[in-house]
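First up is the structure itself, then whatever we jot down about it.
Naming: A, B, ... by sequence-line order, numbering from 1 per chain.
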Protein chains: 2
Amino acid sequence: MSQCALKIDKLPSVRRLPAYLHLLRELSGKGEQFVSSPYLAEKMHIEAILVRKDLELARINGTPRVGYCIADLIKGIEDFLGWGETLDAFLVGVGQLGASILGNRELMNFGLKIVAAFDVNPRKVGATVHGVPVFDSARLEELLSRLQVSIAILCVPAAEAQQVTDVLVASGVKGIWNFTSENLAVPEDVITQKEDLASGLAVLSVKLTRNKPPTH
Amino acid sequence: MSQCALKIDKLPSVRRLPAYLHLLRELSGKGEQFVSSPYLAEKMHIEAILVRKDLELARINGTPRVGYCIADLIKGIEDFLGWGETLDAFLVGVGQLGASILGNRELMNFGLKIVAAFDVNPRKVGATVHGVPVFDSARLEELLSRLQVSIAILCVPAAEAQQVTDVLVASGVKGIWNFTSENLAVPEDVITQKEDLASGLAVLSVKLTRNKPPTH
DNA sequence: AGTAATTTGATAAAATTTTATCTATAAAAA
DNA sequence: TTTTTATAGATAAAATTTTATCAAATTACT
Ligand SMILES: NC(=O)c1ccc[n+]([C@@H]2O[C@H](COP(=O)([O-])OP(=O)(O)OC[C@H]3O[C@@H](n4cnc5c(N)ncnc54)[C@H](O)[C@@H]3O)[C@@H](O)[C@H]2O)c1
Ligand SMILES: NC(=O)c1ccc[n+]([C@@H]2O[C@H](COP(=O)([O-])OP(=O)(O)OC[C@H]3O[C@@H](n4cnc5c(N)ncnc54)[C@H](O)[C@@H]3O)[C@@H](O)[C@H]2O)c1
């Protein structure tokens with residue numbers, strides 16, 4: 001059996017990793033050295049065994065009766081996610097959502113560094129939003145080829161999404177974090193990750209209605 | 001076998017329903033009457049069979065060679081999600097993110113109506129953000145008991161999250177849409193849905209690194 | 001009318017994800 | 001020191017989710 005036999009695409013586990021990271025950093029900040037799976041499980045409202053399965057991704061060994069070394073875990077998760085060194089990104093569409101993402105300090109803790117933003121609105125171009133310069137989106141191609149950024153955060157209106165995407169792809173962007181409601185068409189070698197606010201609301205709605213006492 | 005044997009908690013399917021709804025409404029707006037699973041599949045970048053499985057939740061019968069009646073599907077999905085009549089909600093924390101959610105017209109298409117917002121900042125209290133009045137959060141309990149709202153959208157700083165949650169729960173809120181990074185503690189009969197921006201970024205990061213040609 | 005093509009829906013299989021069980025290990029307690 | 005206890009890690013089982021297969025239904029075509 002190869003060293004790399006561990007499945008890397010446990011999507012639900014990957015989605016939970018940032019939440020572990022957040023907790024672990026908090027603990028680390030408090031001076032804690034070790035943490036146990038039951039502790040993390042209680043915080044995350046999941047089962048301890050699932051925590052242990054998730055943490056297998058980080059390839060860190062815990063010690064019985066003690067738990068995991070927090071520093072090692074943090075390092076292991078960061079390495080797994082590729083968040084060791086910062087990921088440079090562009091943000092396109094400095095509207096309500098875009099500006100709020102630019103102002104979200106927490107994202108920086110997750111490996112992401114937004115180095116430039118773009119907008120078509122001349123009133124926004126030239127400004128600096130939360131320390132990030134806003135350029136005219138006509139300059140996207142030029143700056144992308146100059147700065148070698150591989151991730152773009154898409155916050156334009158849905159109607160503009162595909163068109164902007166085409167420019168991004170043509171300029172060599174390899175990953176698009178898509179906050180619009182468009183289902184973007186991209187070549188095979190480009191990854192898109194769509195954030196759909198409504199899907200969370202759907203889950204909440206369904207759970208709420210199922211939670212109500214039946215009215216027979 | 002009972003009529004209600006259909007599983008209601010197919011979480012991944014539920015999460016996809018809003019995306020179907022969006023597409024279906026778009027088609028309906030263009031005057032289309034019917035839609036097939038292969039068409040929806042192509043748009044959503046999933047398999048047609050999965051579309052059919054998902055749409056089973058709506059309990060609408062399609063007709064072979066024709067597809068599904070779009071109007072029926074829309075109605076079926078809305079009914080399943082409880083989005084037929086609007087869900088009234090409060091939003092707490094009118095900061096960058098909160099304001100951007102208040103300004104997001106699309107959420108209204110998803111059954112959610114934010115009837116009031118709350119903040120501690122006296123400079124925000126009294127204002128109207130995108131048509132929604134902002135009250136002092138000291139008045140949360142009072143207004144909750146008056147307006148009988150069962151959903152709250154939580155956009156306060158993480159450090160305030162649990163404390164605000166306790167007030168919400170004490171005032172009878174049954175569902176909390178949590179945008180903070182806190183893992184909220186709530187009684188059993190209260191549903192929380194946590195939106196974690198970073199988990200999407202984690203998936204994107206992992207897929208990106210796995211997509212790179214191996215450098216051996 | 002008859003045939004071919006497309007799509008739904010039922011059933012089954014495969015894959016993935018979560019949970020359970022048990023053993024080994026390290027620390028704490030007796 | 002010995003016993004007890006808590007926890008990791010291995011293995012297996014269960015549950016969930018996705019994918020495959022195929023028959024039935026409906027439309028379009030010849
Ligand atoms: N506001 C939210 O809470 C929220 C939540 C989830 C998703 N979204 C989605 O995010 C997107 C943006 O939403 P918003 O509320 O920020 O809208 P917005 O109108 O406030 O912002 C859109 C921005 O994009 C800019 N823009 C338009 N065309 C552009 C182009 N071709 N290139 C570069 N910039 C361009 C506009 O000038 C504007 O600044 C929408 O697709 C929306 O559906 C918004
Ligand atoms: N900005 C983003 O893109 C983003 C994305 C995801 C999650 N979040 C999370 O959303 C939350 C808010 O983020 P933000 O960027 O809008 O921060 P922000 O500081 O801009 O807004 C916070 C708002 O909450 C108000 N507030 C503070 N204490 C309160 C209380 N007890 N009751 C009512 N209101 C109170 C503040 O006055 C402020 O208006 C944070 O937890 C953040 O981590 C933000």
Side-chain angles (χ1 to χ4, degrees), chain A residues 1-3 5-17 19-20 24 27 32-73 76-77 80 199 202-203 206-207 210, chain B residues 1-3 5-17 19-20 24 27 32-70 72-73 76-77 199 202-203 206-207 210:
Chain A
M1 251 230 281
S2 121
Q3 264 281 61
L6 193 65
K7 295 279 290 190
I8 56 163
D9 55 333
K10 307 190 21 163
L11 255 301
S13 294
V14 170
R15 299 192 76 95
R16 282 186 293 267
L17 289 182
Y20 292 116
L24 293 168
L27 289 170
E32 297 292 331
Q33 301 273 327
F34 294 91
V35 69
S36 69
S37 61
Y39 176 89
L40 291 172
E42 199 209 319
K43 288 290 180 187
M44 305 260 300
H45 306 122
I46 57 180
E47 300 292 319
I49 173 65
L50 185 51
V51 171
R52 292 199 293 276
K53 289 288 175 205
D54 287 346
L55 297 186
E56 279 180 8
L57 289 177
R59 300 187 142 282
I60 298 301
N61 284 275
T63 57
R65 185 72 206 245
V66 173
Y68 302 86
C69 168
I70 291 176
D72 289 353
L73 263 190
I77 294 176
F80 176 82
S199 68
V203 173
V206 168
K207 285 187 179 167
R210 297 304 174 274
Chain B
M1 251 232 278
S2 119
Q3 264 281 62
L6 193 64
K7 295 280 288 192
I8 55 162
D9 57 332
K10 307 191 20 161
L11 255 302
S13 294
V14 170
R15 297 192 78 92
R16 283 187 292 267
L17 288 183
Y20 291 115
L24 292 168
L27 289 170
E32 297 291 330
Q33 300 273 326
F34 295 92
V35 70
S36 69
S37 60
Y39 176 88
L40 290 171
E42 199 209 318
K43 289 290 179 189
M44 304 259 300
H45 305 123
I46 57 179
E47 300 292 318
I49 174 65
L50 184 52
V51 172
R52 291 198 293 277
K53 289 287 176 206
D54 288 345
L55 297 185
E56 279 179 7
L57 290 177
R59 301 188 142 280
I60 298 299
N61 284 278
T63 58
R65 187 71 209 250
V66 172
Y68 301 86
C69 169
I70 291 175
D72 290 353
L73 263 191
I77 294 176
S199 70
V203 173
V206 169
K207 286 187 178 167
R210 297 304 173 274

For B:Asp54, which of B:Arg15, B:Arg16, B:Arg59 qualifies under salt bridge (Lys or Arg N to Asp or Glu O under 4.0 Å)?
B:Arg16
In whole Å, what is the span from the CD atom of A:Glu47 to the P atom of D:dA8?
14 Å
Would you classify B:Arg16 as touching base, sugar-phosphate or nothing, given that sugar-phosphate means primed atoms plus P, OP1 and OP2, and contacts are heavy atoms under 4.0 Å?
sugar-phosphate
Can you check nucleotides 23-30 of chain D for protein contacts, nitrogen or oxygen pairs under 3.5 Å, and list what you find?
unit_1: D:dT27; atom_1: O2; unit_2: B:Arg65; atom_2: NH1; d: 3.0

Which residues pass the salt bridge (Lys or Arg N to Asp or Glu O under 4.0 Å) test with A:Lys10, sequence neighbours left out?
none
State, with a plain yes or no, whether a side-chain heavy atom of B:Phe34 is found less than 4.5 Å away from one of B:Cys69.
yes
By nearest-nucleotide position on DNA chain C, the 5'-leaning member of B:Arg52 and A:Arg52 is B:Arg52
Note: for B:Ser37 and B:Lys53 on DNA chain C, the residue whose nearest nucleotide lies more 5' is B:Ser37
For chain A, the stretch of DNA chain C it reaches, first to last nucleotide, under 4.0 Å of its heavy atoms
C:dT16 to C:dA28
May I ask you to test the A:Tyr39-A:Leu27 pair for a side-chain heavy-atom distance under 4.5 Å?
yes
Whole angstrom is fine here: how far is it from CD1 in B:Ile46 over to P in D:dA20?
13 Å
Min side-chain heavy-atom separation B:Val203-A:Leu11 under 4.5 Å:
yes
Assign A:Leu11 to base, sugar-phosphate, or nothing according to its heavy-atom contacts below 4.0 angstrom with the strands shown.
sugar-phosphate
What is the distance, rounded to the nearest whole Å, between atom CD1 of A:Ile70 and atom P of D:dA8?
12 Å
Decide yes or no for A:Val206 and B:Leu17: does some side-chain heavy atom of the first lie under 4.5 Å from some side-chain heavy atom of the second?
no
Atom CD of residue position A:Gln33 - does it have more than 12 heavy atoms of other residues, nucleotides or ligands inside 6.0 Å?
no
Go through the steps for B:Arg210 and B:Lys207 under the test side-chain contact (heavy atoms from CB on, under 4.5 Å), then give the verdict.
CA-CA 5 Å; B:Arg210 297 304 173 274; B:Lys207 286 187 178 167; 5.8 Å; no
Do the non-hydrogen side-chain atoms of A:Leu55 and A:Tyr20 ever get within less than 4.5 Å of each other?
yes
Mind calculating the distance between CD1 (B:Ile49) and C1' (D:dT21) to the nearest angstrom?
10 Å
